[in-house]
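Scroll down for the structure; my scribbles are underneath it.
Both counts, for ligands and for their atoms, begin at 1 and track the order of listing.
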Amino acid sequence: MSQKIALVTGGTGGIGTAICRRLADDGFKVIAGYSNAEKAERWQKTQQKEGYDFGIAYANVADFESCQRCYEEIWSQYGTVSVLVNNAGITRDASLRKMAPEQWNEVIQTNLNSVFNLSRVCLEAMLEQQYGRIINISSINGQKGQFGQTNYCAAKAGMHGFTKALAQEVASKGITVNTISPGYIATDMIMAVPEEIREQIRQQIPVKRFGKPEEIARTVAFLAAEDAGFITGSDLSVNGGQYMH
Ligand code: CAA
Ligand code: NAP
């Protein structure tokens, strides 16, 4: 049987790297999406030294045409993407009264429009092969809200609506669509939070630590598996007990 292809946007980031490695361990041919070429090339070499042979593909996830071009390149070089992980994301934190329109738009475009962009360009070939897994990386803050993140919380909550609607559209075609909502995970993204606030947040987590990227990766692997075909339209919380609902 031929090797299934997985595309992980933001594949060179903290959580993305763990997802790429875990999916490769599970036998997928993994392509990491990136927007920063220099970082991606360095990343690819480091991963190679550690035994991982990843493809890399440029896409500005906020831009539909860039995603289309990315998909065409992947398709001609590797074939149909069977697993799409919409993982790329950014924060531009500020309370609403201090938030510039650019901070709102950048986050909505990168964190939410991206999910439309990539899912739209990958879906046709998944429909043709009657098989696919779309996994959207949302956030605990899309479930509970967070001071200073109206933009981010709106985008991450929007993913849930998208997931449930698309899951219904493609359920009979062998394609599942799910969301994972990580809590605070130890990557560069949370290092942007001032240390004092970060420590307060850590104290609020019942397991008393931040999550590890590998703990999100194993959840992705669970949903990406062939025998996860009965799980669709769901949202899996992986948050150390910080938010239960
Ligand atoms: N709840 C209630 N009130 C709060 C508050 C909170 N969490 N944080 C600040 N305030 C209050 C302050 O006490 C202050 O009150 P007064 O005006 O009465 O003195 C007021 O709000 C200050 O408001 P400002 O708009 O001036 O706040 P600021 O500019 O100093 O800081 C902020 C705002 C940059 C958003 C800062 O609070 C912050 O960085 N918060 C952390 C946000 C966060 O958790 N981001 C997560 C990033 S990681 C991630 O997103 C990954 C993931 O998915 C989990
Ligand atoms: P990270 O290390 O900062 O990685 C973010 C990745 O997103 C980077 O690889 C970056 O790639 C990519 N990216 C950003 N803008 C892009 C764009 N316009 N086009 C293409 N790629 C872009 O952050 P992380 O913690 O791993 O976060 C990964 C995902 O998990 C995000 O969606 C985040 O919201 C979500 N999440 C994180 C946490 C957490 O606590 N860390 C919690 C819940 C959810 P380049 O460097 O190439 O631009």
Side-chain angles (χ1 to χ4, degrees), residues 7-20 32-44 54 56-64 66-67 70 85-100 103 105-115 117-118 135-159 179-202 204-205 209-217 219-220 235-240 242-243:
L7 169 61
V8 181
T9 70
T12 67
I15 293 175
T17 300
I19 296 173
C20 288
Y34 67 88
S35 72
N36 179 335
E38 204 184 305
K39 175 180 151 194
E41 280 157 23
R42 238 183 307 122
W43 177 88
Q44 191 184 32
F54 295 128
I56 55 171
Y58 171 80
N60 173 7
V61 295
D63 179 68
F64 183 70
S66 175
C67 294
C70 172
V85 187
N86 284 309
N87 166 71
I90 58 170
T91 53
R92 297 289 182 265
D93 293 354
S95 54
L96 187 71
R97 55 196 279 271
K98 290 185 179 173
M99 188 178 289
Q103 289 172 296
N105 289 329
E106 248 191 287
V107 168
I108 298 296
Q109 280 158 8
T110 308
N111 295 9
L112 182 59
N113 292 358
S114 58
V115 178
N117 292 341
L118 266 311
I135 300 162
N136 299 318
I137 307 299
S138 180
S139 165
I140 184 176
N141 292 347
Q143 300 171 318
K144 72 170 184 56
Q146 172 64 37
F147 187 102
Q149 287 200 308
T150 49
N151 50 3
Y152 186 87
C153 296
K156 294 297 190 183
M159 278 185 179
T179 302
I180 296 172
S181 291
Y184 284 73
I185 309 299
T187 71
D188 289 349
M189 183 172 271
I190 64 164
M191 295 317 280
V193 177
E195 196 179 344
E196 198 187 272
I197 298 179
R198 210 169 55 233
E199 189 47 34
Q200 281 167 13
I201 292 170
R202 198 176 64 79
Q204 292 159 12
I205 304 172
R209 66 170 174 85
F210 294 123
K212 299 175 196 154
E214 292 73 18
E215 291 171 319
I216 305 308
T219 315
V220 171
D235 173 28
L236 299 189
S237 298
V238 187
N239 64 28
Q242 191 184 353
Y243 185 64

#### Entry: atom 37 (O) of ligand 1 protein-contacted (non-hydrogen atom, under 4.0 angstrom)
yes
### Message
Students often mix this up, so state it plainly: with edges at 30° and 60°, are the rings of Phe54 and Trp43 parallel, tilted or perpendicular?
### Response
parallel
### Query
Considering only heavy atoms, does Thr110 approach ligand 2 within less than 4.0 Å through its side chain, its backbone, both, or neither?
side chain
### Query
Does at least one non-hydrogen atom of Ile185 fall below 4.0 angstrom from an atom of ligand 1?
no
### Query
Do you see a protein non-hydrogen atom under 4.0 Å from atom 16 (P) of ligand 1?
no
### Query
Any idea which of Ile15, Val8, Asn239 brings a heavy atom closest to atom 37 (C) of ligand 2?
Ile15
### Query
For atom 23 (O) of ligand 1, what's the nearest protein heavy atom and its distance?
Phe147 CZ, 3.9 Å
### Task
Answer yes or no for atom 13 (O) of ligand 1: protein heavy atom present at a distance under 4.0 Å?
no
### Query
Of Asn136, Asn117, Thr9, Thr179, which is the lone residue that meets side chain to side chain donor-acceptor pair (under 3.5 Å) with Asn86?
Asn136
### Message
Strictly less than 4.0 Å: does any protein heavy-atom distance to atom 6 (C) of ligand 1 fall in that range?
### Response
yes
### Message
Tell me whether Ala37 reaches ligand 2 (any heavy atom closer than 4.0 angstrom to a ligand atom).
### Response
no
### Message
Nearest 0.5 Å, please: how far is CD1 in Ile205 from CD1 in Ile140?
### Response
7.5 Å
### Message
Please compare Met189, Gln149, Gln200 and report which has the shortest non-hydrogen distance to atom 50 (O) of ligand 1.
### Response
Gln149
### Task
Please report which non-hydrogen protein atom sits nearest to atom 51 (C) of ligand 1, along with the residue it belongs to and the distance in Å to one decimal place.
Tyr152 OH, 3.5 Å
### Summary
Of all heavy-atom pairs linking Gln103 and Lys98, the shortest is OE1-O, 3.8 Å
### Message
If you compare all heavy atoms of Ile185 against all heavy atoms of Lys212, which two are closest, and at what distance to 0.1 Å?
### Response
CG2-C, 3.6 Å
## Note on the structure
Closest to atom 5 (C) of ligand 2 by heavy-atom distance, out of Gly16, Gly89, Ser181, Ala62, is Gly89
### Message
Checking contacts here: is it the side chain or the backbone of Ala59 that comes within 4.0 Å of ligand 2, counting heavy atoms only? Could be both or neither.
### Response
backbone
### Task
Check whether any protein heavy atom sits under 4.0 Å from atom 46 (C) of ligand 1.
yes
## Note on the structure
min-distance protein heavy atom vs atom 34 (C) of ligand 1 -> Asp93 O, 4.3 Å
### Task
Look at atom 35 (C) of ligand 1 and say which protein heavy atom is nearest, naming residue and atom and giving the distance to 0.1 Å.
Gly148 CA, 3.4 Å
#### Entry: Closest protein heavy atom (residue, atom, distance) for atom 17 (C) of ligand 2
Val61 CG2, 3.6 Å
### Query
Would a 4.0 Å cut-off, counted as strictly less than, catch a protein heavy atom around atom 19 (O) of ligand 1?
no
### Message
Which of the numbered atoms in ligand 2 are under 4.0 angstrom from any heavy atom belonging to Thr12?
### Response
9 (O)
### Summary
min-distance protein heavy atom vs atom 25 (O) of ligand 1 -> Ser95 OG, 2.4 Å
#### Entry: Proximity of Ser138 to ligand 2 by residue part, where a heavy atom lies under 4.0 Å
backbone
### Message
How far is atom 13 (N) of ligand 2 from the closest protein heavy atom, and which atom is that?
### Response
Ala88 CB, 3.8 Å
### atom 28 (C) of ligand 2 - nearest protein heavy atom and its distance
Asn87 OD1, 3.2 Å
### Message
Which residue and atom name correspond to the protein heavy atom nearest atom 28 (P) of ligand 1, and how close is it?
### Response
Lys98 NZ, 3.8 Å
### Query
If you measure from each non-hydrogen atom of Tyr152 to ligand 2, which part falls under 4.0 Å: side chain, backbone, both or neither?
side chain
### Message
To check you understand the geometry: which heavy-atom pair defines the closest contact between Leu112 and Met159, and what is its length?
### Response
CD1-N, 3.7 Å
### Message
Under 4.0 Å from atom 31 (O) of ligand 1, is there at least one protein heavy atom?
### Response
no
## Note on the structure
Nearest non-hydrogen contact to atom 41 (N) of ligand 2 from the set Thr187, Thr17, Asn136, Val107 belongs to Thr187
### Message
Please work out, at 4.0 Å between heavy atoms, whether the side chain, the backbone, both, or neither of Ile190 comes within that distance of ligand 2.
### Response
side chain
### Query
At their closest point, which heavy atom of Asp235 faces which heavy atom of Gln143, and how far apart are they?
OD2-NE2, 2.9 Å
### Message
So, regarding Thr91 and ligand 1 (criterion: nitrogen or oxygen to nitrogen or oxygen, under 3.5 Å), is there a contact or not?
### Response
no
#### Entry: Heavy-atom closest contact (Ile15 atom, Pro213 atom, distance)
CA-CB, 4.0 Å
### Query
If we only count N/O pairs under 3.5 Å, is Gly14 in contact with ligand 2?
yes
### Task
Count the heavy atoms of every other residue, nucleotide or ligand shown that sit under 6.0 Å from CD of Glu199, and state whether that count exceeds 12.
yes
### Task
Of the side chain and backbone of Thr91, name the one, both, or neither that has a heavy atom under 4.0 Å from an atom of ligand 2.
neither
### Task
Locate the shortest heavy-atom distance separating Met189 from Gly89; write the atom from each residue and the value.
CE-O, 3.5 Å
### Message
Please list the nearest protein heavy atom to atom 14 (C) of ligand 2 with its residue and the distance rounded to 0.1 Å.
### Response
Ile90 CG2, 3.7 Å
### Task
Identify, for atom 48 (O) of ligand 2, the protein heavy atom at the shortest distance, and state residue, atom and that distance.
Ser35 OG, 2.5 Å
### Query
How far is atom 40 (N) of ligand 1 from its nearest protein heavy atom, and which residue and atom name does that atom have?
Ile197 CD1, 3.7 Å
### Close approach, Gln109 and ligand 2, non-hydrogen under 4.0 angstrom
no
#### Entry: For atom 39 (O) of ligand 1, closest protein heavy-atom neighbour
Pro194 CD, 3.5 Å
### Task
Considering heavy atoms of the protein only, find what lies nearest to atom 18 (N) of ligand 2 and give residue, atom and distance to 0.1 Å.
Asn60 OD1, 2.9 Å
